[in-house]
Amino acid sequence: MAPAPGIPTALERPHFIGIGGAGMSGIAKILAARGAKVAGSDAKESETAQALRALGATVHVGHAAAHLADDASCVVVSSAIRADNPELARAAELGVPVVHRSDALASLMGGLRPIAVAGTHGKTTTTSMLAVALTELGLDPSYAIGGDLEGPGTNARHGEGEIFVAEADESDRSFQKYDPEVAIVLNVELDHHANYASMDEIYESFETFVGKVVPGGTLVISADQAGAVELASRVRDLSTLKVVTYGEAADADVRVHKITARGLTSEVTVVLDGRYLTFAVSVPGRHYALNAVAALAAGVALGIPAHNLASAIGTYTGVKRRLQLKGEAAGVQVVDSYAHHPTEMTADLEAMRAAAPEGSRLLVVFQPHLFSRTQELGTEMGQALALADSSLVLDIYPAREDPIPGITSALIIDAATAAGAQVTAAHDKDAVAGLVAGMAGPGDLVLTMGAGDVTDLGPLILARLSA
């Protein structure tokens, strides 16, 4: 198959509104590497903006009509951009076409062999594992990930190889735009309550995504998670689709024989085509080991030898905010987690429990993400926090949402307390670092958890511990 084409005409001079976001910056980076004249704006200055400028992009801070160049070929937006954005209004005045982020990404995959990674959680880790492993094997893939690997701007790359690995976002149904050769579905659960009213709507959306796999392509799907098992049963009659299951279930096509925890890493043994294969996973927790197995199955579906791929997956050292060790001070390790859905929270807390030395405590700083998610899943979030020895719960991080009357982090705190957890409300974010430093002792693990700006607290906690 031929290498990637250049730039679709509409994307020769794109302007990105919110160019600093994880998904948007990745597409901008690939277009810049392909030679497009990239411009955009973001609410604030960031390391990502600086990384884009280093690639030749023009990045404005703040949103203003004047930031949109008269010769822009299109304006790229994500679902997070509000209708009253001044640059969007200016685009309408000038008659500049507006392109959704997912359409831009879909056009970049044209002529390549795409792997699209979907699921309610685990997408970023699995996509990253594939990107790292394929790069390690010299296949020079292109990739677009929803998080950074080892530094700012490492969420995407334009490669000369024929494989394109992309994180496929179900939250706004945009993953239905892609035509992958291999689709991965890690799990199917109810989330994104602003866009989905029921599990039936979620299943329909995932069925549409799977239905877009090219004829003769492969669906790699969990054999363990109930929603994935149900989805697999719904799509098995698609005659042009090969379905490969993975997991601990006895009938899985790629069966997990054993997962062994080794501190902040683990080792996994799988049975593939009747043979045992053991490899290292450099992040802790059963769920990350299973993500690695999904990545292995997807690479094998593209014809890559399993033993080569397994050892290459072992070179993956993690992605920012996915149980990322931020540092150690006064004998206390501080780890950062992006988990914000109860299933993710439980998985990461269990992984940290397994990694914690005997006799040490697990202390959590949790920041709920979105009022709508807290309204629907706050009770389950609180129950998850019962896995920690002690937790501080911050106020809800609103992101793109307006407050919902009566919905506060008290919903989570009450549920956690009822589940026997030791939980304290932390309304003053600035005081948290001092509180945690006062609570933690040598050997303890501190976990900052949530999809908002709670990630900023890790370095502050370390500084207070050092002092």
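Positions are given from 1 along the sequence.
Ion pair Glu201/Arg173 flagged as a salt bridge, since at least one NZ, NE, NH1 or NH2 atom sits closer than 4.0 Å to an Asp/Glu carboxylate oxygen. With salt bridges taken as basic N to acidic carboxylate O contacts below 4.0 Å, none links Glu267 and Lys258. Between Asp169 and Lys177 there is no salt bridge, since no side-chain N of the basic residue sits under 4.0 Å from a carboxylate O of the acidic one.
Here the options are Ile412, Leu392, Ile413, Thr417, the test is side chain to side chain contact (heavy atoms under 4.5 Å, CB included), and the partner is Leu385; only Ile412 passes. Across Arg373, Glu401, Gln375, a single residue satisfies side chain to side chain contact (heavy atoms under 4.5 Å, CB included) together with Ile407, and that is Gln375.
A donor-acceptor pair is defined here as one N or O able to donate and one able to accept, closer than 3.5 Å; no such pair exists between the side chain of Lys29 and the backbone of Ser25.
By the 6.0 Å and 45° rule, Arg255 does not stack over the aromatic ring of Tyr246.
One finds the OG atom of Ser128 at 3.5 Å from the CD1 atom of Ile145 (value rounded to the nearest 0.5 Å). Between Ser222 atom OG and Ile184 atom CD1 the span is 12.0 Å, to the nearest 0.5 Å.
Ring pair Tyr276/His257 is perpendicular by interplanar angle, where above 60° counts as perpendicular and below 30° as parallel.
Between Thr245 and Asp251 the shortest side-chain heavy-atom distance does not fall below 4.5 Å.
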Checklist entry - Could you walk me through whether Gln422 and Asp389 pass the side chain to side chain donor-acceptor pair (under 3.5 Å) check? => result CA-CA 7 Å; Gln422 186 180 329; Asp389 291 292; over 6 Å; no
Checklist entry - What do the steps show when you test Ser205 against Tyr196 for side chain to side chain donor-acceptor pair (under 3.5 Å), and what is the final call? => result CA-CA 9 Å; Ser205 189; Tyr196 294 105; 2.9 Å; yes
Checklist entry - Passes side chain to side chain donor-acceptor pair (under 3.5 Å), His427 versus Ser409? Steps please. => result CA-CA 9 Å; His427 300 297; Ser409 54; 5.2 Å; no
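Two rings, from Phe175 and Phe206, have their centers less than 6.0 Å apart.
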